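Notes follow the structure.
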Amino acid sequence: MHRDLPLELVEQIFLRLPLSDLVRLTTLSTFYHDLIHHSHLLWTHHLQKSGLLGLSSDIQNSPNNLNKFKRLYGFVKELEETLETLSHDHLHSTIIEIDLETDQLQSYLQDPEKREIAYRHLSSLLHSSNKFTNLTQKLYARYFLVAQTQLGIIQDLASCLQTSSVFEGSLLVSRWVGASLGESSIIHNIKPTECIPVHETIESIVNQCRGLLVPSATIEAVLSVINRVLYQDFGLKKNVDNYYDVENNRVDRVLYKKTGIPITIAIIYHEVASRLGLTLSLVNFPRHFLLSFESSSGTTMYIDCFNEGNILSRGQCLGLCPISMIADKDCYFESTAPANVLERLIRNMNFAQVVHVSYNRAFFALNLYKLLSYLAPNDYESAVHAMNFSLDLRIKCNFLQKFSCIEPDVWSKYCRRVSQASESLKNQLRVKRSKPSHIKFNIGSVMLHKRYNYTCVLYGWDERCMMNEEWQVRMGIASLEFQGNQPYYRVLADDDSERYVAQENLLGTRSVFINHGDVGKYFSLYDGERFVPNSALKSVYTYLQKD
């Protein structure tokens, strides 16, 4: 190319060259090197073409887009390599639990620019219009963003508890739940389809109350106005029909649906009263959360927010749960701290019905224990339950160290046990260097179960049944023609379950995308005919590396 050509024309020619050719050109002469290096137009074009342009807020003001390109490109590649490492680390895990406080991921938390780039890149990856590609990256991007969101919630919660705001704390607990359930509105910080402006709604209720109050009103008169506005005008009701729905423990959802349980209705009531200048106490009464106040006559009375703000005496409170036969103990009527209220919310959700959620319920439960480890680090009972739960899942949870009540020798014993348990999982996916001829079906094939009629994708196989005798008896393996002496396949089913299936029970079928939550754990893409194994799965079935 002649140097006498106008530089604008040379730049236009360079715009049509791939990045690899541009790199080669810079090595040919100083002229090419300087021209390419200093071309703002050229590197703005490549920033746009690579998808890196939107990853940093100050990109438009950058005086040197080449250096910006190099830095962003390096960050993204580093991030993608991190996701690749995570996919290998978690291939044998029953639950994907990403610990952002590990050395490998610390840099994304400490560097604000890296944190911003990671968030934007992973969000754009998850919003990709093609749901069949980058399956592994999308899976770990989602878990990475969940962990990043939760870390922010923990920091906000620590500040919130210092101000003793139970209402704000309950909203953060709801955000934590939403992140654990994979709600994109929480992870990507966007407005959900079903939502309500929480603070504006509370303030509207408060202003409506102010309009009905007279000067120097007694506390009983103020409570009467709150009851009218909250229950009659706003329409807040108790949810008797679906009491154990997890949504009843999320204050923002209770405000949106206008139905809840004693504790969440009480939190809303408490916030309204506080903004009106009343001092109400939170009472962790067994099986029925209450508020208390000092009446005009100087006696302590209790508010049953679940039943439209009824004012009760101590004796009447004991009759709220006649079946439970609650004893008259002073501790049941004492004022409790906001942190204890939030703990109760979380424990409620451990027993709640997680309905309308096609998400990993074990992951959800594990994350409730994680939040408890921050809110109640001295709760030995929760610590033991969490440790046993993680042992059942055969994964090590570093967040358990937040429970300060766990003694060093107990932690060491736990680590040994979970290490042994995780090794047994790895043994289920032993390295297989070749595929025997009697293994009829290929990994990544979409199959149909003869008997139960579900569609599934195969992600592993054994030459014979590797489950113990108890499992084989429970599953009726003896009734099969070839019983346990035939190949068995590990599959992801279209009902979001994982199964272990005999070869004789599988049939070929029309290939479809299996919308399973963990499909990216084993496969990188779906090409319309089959699922393509990712590098982590190929490290186990090494013969697939030839594909």
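These values consider heavy atoms only, across backbone and side chains, with no hydrogens, waters or symmetry-generated copies. Since this is a predicted model, take the numbers as computed values, not measurements.
- Between His270 and Phe167, the closest side-chain pair of non-hydrogen atoms is not below 4.5 Å.
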Just list the side-chain donor-acceptor pairs under 3.5 Å for residues 400-410, sequence neighbours left out, or say none.
{"residue": "Ser404", "atom": "OG", "partner": "Pro377", "partner atom": "O", "Å": "3.4"}
{"residue": "Ser404", "atom": "OG", "partner": "Asn378", "partner atom": "OD1", "Å": "2.8"}

Residues Leu290, His288; criterion side chain to side chain contact (heavy atoms under 4.5 Å, CB included); working and verdict | CA-CA 6 Å; Leu290 299 168; His288 200 100; 3.8 Å; yes
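- Summarising the local packing, CZ of Arg499 is surrounded by more than 12 heavy atoms from other residues, nucleotides or ligands at distances under 6.0 Å.
- At least one donor-acceptor pair under 3.5 Å links the side chain of Tyr500 to the backbone N or O of Met466.
- At distances below 3.5 Å, not a single donor-acceptor pair connects side-chain atoms of Thr264 with backbone N or O atoms of Gly260.
- Within a 6.0 Å radius of OH in Tyr380, other residues, nucleotides and ligands contribute 12 heavy atoms or fewer.
- Using the six-membered ring where Trp is involved, Tyr369 and Phe389 have ring planes that are tilted, between 30° and 60° apart.
- Formation of a donor-acceptor pair under 3.5 Å by the Thr163 side chain with backbone atoms of Cys160 is found in this model.
- When the side chain to side chain contact (heavy atoms under 4.5 Å, CB included) test is applied to Glu470, the partners found at least two apart in sequence or on another chain are Asn468, Arg474.
- For the pair Asp494 (side chain) and Thr455 (backbone), a donor-acceptor distance under 3.5 Å is present.
- Expressed to the nearest 0.5 Å, how far NE2 of His516 lies from SG of Cys456 amounts to 10.5 Å.
- Taking CG of Leu372 as the start and OG of Ser382 as the end, the distance is 5.0 Å to the nearest 0.5 Å.
- Remark: the backbone N or O of Ser281 is not paired with any side-chain donor or acceptor of Ser335 at under 3.5 angstrom.
- Proximity of Leu278 to Val272: side-chain heavy atoms (C-beta onward) are nowhere separated by under 4.5 Å.
- Between Tyr454 and Ala493, the shortest heavy-atom distance links the atoms CD1-CB, 3.8 Å.
- A donor-acceptor pair under 3.5 Å is absent between the side-chain atoms of Ser422 and the main chain of Ile395, judged by distance alone.
- For the pair Ser93 (side chain) and Ile96 (backbone), a donor-acceptor distance under 3.5 Å is absent.
- Thr336 meets the side-chain hydrogen bond (donor to acceptor under 3.5 Å, both in side chains) test with Asn340; sequence neighbours excluded.
- For Phe306 and Phe289, the gap between ring centers reaches or exceeds 6.0 Å.
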Are Asn505 and Arg451 close enough, and set up right, to give a side-chain hydrogen bond (donor to acceptor under 3.5 Å, both in side chains), and what steps lead you there?
-> CA-CA 7 Å; Asn505 277 336; Arg451 183 175 179 185; over 6 Å; no
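- Between Phe399 and Tyr374, the gap from one ring centroid to the other reaches at least 6.0 Å.
- For residues 384-393, every residue pair satisfying the side-chain hydrogen bond (donor to acceptor under 3.5 Å, both in side chains) rule, not counting sequence neighbours, is listed here: Ser390-Tyr414.
- The side-chain hydrogen bond (donor to acceptor under 3.5 Å, both in side chains) check on Asp518 picks up nothing, with sequence neighbours excluded.
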Audit row: Tyr489, Gln503, side-chain hydrogen bond (donor to acceptor under 3.5 Å, both in side chains) steps and yes/no | CA-CA 7 Å; Tyr489 297 85; Gln503 183 166 272; 2.4 Å; yes
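- A distance of 10.0 Å separates CG in Asn398 from NZ in Lys370, rounded to the nearest 0.5 Å.
- Note on ring orientation: taking the six-membered ring where Trp is involved, the planes of Tyr140 and His90 are tilted (angle from 30° to 60°).
- Trp176 contributes no side-chain N or O that, together with a main-chain N or O of Leu171, makes up a donor-acceptor pair within less than 3.5 Å.
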Trace of the ring-ring contact (aromatic ring centres under 6.0 Å, His included) decision for Phe285 with Phe333 | CA-CA 6 Å; Phe285 191 74; Phe333 295 92; 5.3 Å; yes
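- Listed for the Ser419 side chain is no donor-acceptor partner under 3.5 Å among the backbone atoms of Cys415.
- Side chain of Gln137 to backbone of Glu80: no donor-acceptor contact under 3.5 angstrom is found.
- The closest side-chain donor-acceptor pair between Asn227 and Tyr269 falls under 3.5 angstrom.
- Tested against Tyr522 for a ring-ring contact (aromatic ring centres under 6.0 Å, His included), the candidates Tyr541, Tyr459, Phe531 yield a single pass: Tyr459.
- Distance check: Ser123 OG to Arg142 CZ gives 13.5 Å after rounding to the nearest 0.5 Å.
- Between Asn367 atom CG and Ser373 atom OG the span is 10.0 Å, to the nearest 0.5 Å.
- Between the CZ atom of Arg314 and the OG atom of Ser292 there is a distance of 11.0 Å, given to the nearest 0.5 Å.
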Evaluate the criterion side chain to side chain contact (heavy atoms under 4.5 Å, CB included) for residue pair Leu492 and Leu458; output intermediate values, then yes/no.
-> CA-CA 7 Å; Leu492 302 177; Leu458 315 185; over 6 Å; no
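- At least one side-chain heavy atom of Val501 sits under 4.5 Å from a side-chain heavy atom of His449.
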Intermediate values then yes/no, side-chain hydrogen bond (donor to acceptor under 3.5 Å, both in side chains), Asp245 and Asn248 | CA-CA 6 Å; Asp245 184 350; Asn248 287 328; 5.4 Å; no
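- Under the salt bridge (charged side-chain N to carboxylate O under 4.0 Å, His left out) rule, Glu183 has a single partner from Arg175, Arg250, Arg253, which is Arg250.
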Verdict with reasoning, Lys258 to Lys237, per side chain to side chain contact (heavy atoms under 4.5 Å, CB included) | CA-CA 6 Å; Lys258 299 185 179 181; Lys237 297 180 176 64; over 6 Å; no
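- A search for ring pair (Phe, Tyr, Trp, His ring centres under 6.0 Å) contacts involving Tyr231 returns nothing, not counting sequence neighbours.
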